[in-house]
Amino acid sequence: MSTTAKEDKSEQLRKMRHSASHIMAEAVQSLFPDTKFGIGPAIENGFYYDFELPRSLTPDDLISIEAKMKEIIKNGVPFTQQDMSKKEARQIFADQPYKLELVDELPDDTVSIYRQGSFTDLCKGPHVASSREVRAFKLTTIAGAYWRGDETRPMLQRIYGVAFLDRKQLKAHLHMIEEAGKRDHRKLGRELDLYSISNAIGPGLALWHPKGALVRRTIEDFWKDEHLKKGYDLLYTPHIAKSDLWKTSGHWEMYRENMFSPMDVEGQEYVLKPMNCPFHIMIYKSTLRSYRELPIRYAELGTVYRFERSGVLYGLTRVRGFTQDDAHIFCRRDQLQSEIEGILELVQYMMSSFGFEKYDIMLSTRPDKYAGTLEAWDEATEILRQALEHLDLPYEIDPGEGVFYGPKIDVKLRDALGHTWQGPTIQVDFNLPARFDVNYIGQDGNEHQIVMIHRTVLGSMERFLACLIEHYGGAFPLWLAPVQAVVIPITDRHAGYAEKIKVALQEAGISTRVDTRSERMNLKIREAQLQKIPYMLVVGDREEENSTIAVRKRTGEKQETVTLNDFIKTANTHIKERDNEL
RNA sequence: GCCAGCGUAGCUCAGUGGUAGAGCAGCGGUUUCGUAAACCGCAGGUCAAGGGUUCGACUCCCUUCGCUGGCUCCA
């Protein structure tokens, strides 16, 4: 298909989805004549429309709305467009407060409306010619949504639908959703016994079970090794600090709603840390610094606590206590760009090591609420941009999405199913160096203010694990797998040999379990398979006699019988190389 | 936090006003087996918590907690 044909098709799809949303609105209007209409755009995979209704919708309503929509589609009602003055539009939408608000905000005096059947909407289009062109669709969910995304405004009821050019694509999409459900890290987290969140502990506070902890240790060891290689120093810092520290840093003022309430310690107020930066700054400031020792790169797997509103918590991706793979770089202005580039290279290396080939890079600019001067923001934003361009990395601008203390580069990972995950982030900060008076002595013998970078290359251990689980569908590559091999004796009399194999493998650094229950081998294989253990090592009479093991891979490849040493050698090679194919 | 839905055994789920059920997991036996589920038995629940309506509540109502799907907000 040519590029233009592709564009035509996606434009057609978009038009059709948008029209589907209008047809849904017409269906809702016929069922609820007093409906007040919000907006109803086409979105990725489908469409939605927001309504103010006399009562809450139920899933049964979706069925009747869908039936009504099919009727409208079958009747082939035409979509017609008309331009009119705002005055006329106000008359048409006299009993539609949300539409009136939109009319008032449009810049031109002439506005566009679309009609189909009994439904009229303020809309610039385009639409399909006839409702008949809307083919494969399905209403999916009902949700609450604030009018114009503003939580101080009324909450409307939103109906989401998916729509495609034909039934086959719709089916494929619904199937994809189902597959995604099987990879859900919350489900796999329990099934693979990686982590849990206990109500007795509190929502948003994760418990890492032994297997999750093993995966984490592998990630952390790799992370630490790479950071030491790249010239970072590793730190440990406490979890609480005096409130005054956060007043100096500006968090008290700018970040208060995300911090847990203070606690009283012998008359002094302390809070749980929402960030690691002030601690690293204190280490930097523990002595006088020369320009010669810059850049200083401090890295820490730092656990922070942030208050998140209950409705936003989600599995391991949105929690209230989490460990950032944090680092702060203290450098001179002239070192900033090369430091940023170094971080971007490290990010790329980390991402490919963990098997993420696709990611989107976003450059976030100054938000409404910010610290520092306009000039400083412009300069830092420009340096981030130059670093991205120098490395030839494609990126998009995310206007106003920077943090209060500086612009940032965010990396959004794409997992195996194309979901995006906010992971690595690189943030320039000119708030803290000023507030904490972070300096170095320059060549000229005078004090100069430091330039500070905050960055993570994974994001947080919690979110990154969630992302890995979903990316691999729980089947971690060998090097990351919490249990890399399980030894399966065929009968009880092979248990001793199996045990010996297990001990040898453990000693060789391969995470191994042995299944000596008096169960049939088939059951043990099935369970190991469901646990997605990379290697099942079956041992019976033949293996014991020849001092070998029968290697079954979870991929179902043909099994091989090898000696223990050969197995250790190949397994350890794959582990050492961090082979993501295995 | 907001809107809607949900909460029954460790897990997955039946049960709609009249004495709480199944499969898997667990435990006890029997079986000793060659690449994805052997067989028999046993035990397991303040039906999320608290309050109310009722002769009687898992079931209806209210409150709280938690979860799910969204909205808003973020590593």
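Below, read A as the first sequence line, B as the second, and so on, with proteins coming before strands; counting in each chain starts at 1.
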Of Gln324(A), His328(A), His280(A), the residue whose pairing with His454(A) passes side-chain hydrogen bond (donor to acceptor under 3.5 Å, both in side chains): His328(A)
Using purine N1 to pyrimidine N3 plus N6-O4 or O6-N4 for Watson-Crick, or N1-O2 and O6-N3 for G-U wobble, both under 3.5 Å, which nucleotide pairs with [N]?
N: G17(B); result: none
N: C2(B); result: G70(B)
N: A22(B); result: U12(B)

Between G44(B) and G23(B) - P atom distance, rounded Å: 16 Å
Between G52(B) and U59(B) - P atom distance, rounded Å: 14 Å
Aromatic ring of Phe322(A) stacked on base six-ring of A75(B), 5.5 Å, 30°: yes
Value in whole Å for how far the P atom of C71(B) lies from CZ of Arg148(A): 17 Å
Arg17(A) NZ/CZ over Phe164(A) ring centroid, <6.0 Å and within 45° of normal: yes
Any side-chain heavy-atom pair of Leu194(A) and Phe476(A) under 4.5 Å: yes
Base [N] to side chain [X], donor-acceptor N/O within 3.5 Å cut-off:
X: Glu308(A); N: A75(B); result: yes
X: Tyr146(A); N: G1(B); result: yes
X: Asp492(A); N: U32(B); result: yes

Earlier contact from the 5' end, RNA chain B, for Arg552(A) and Thr491(A): Thr491(A)
Presence of salt bridge, Arg455(A) and Glu339(A), under 4.0 angstrom: no
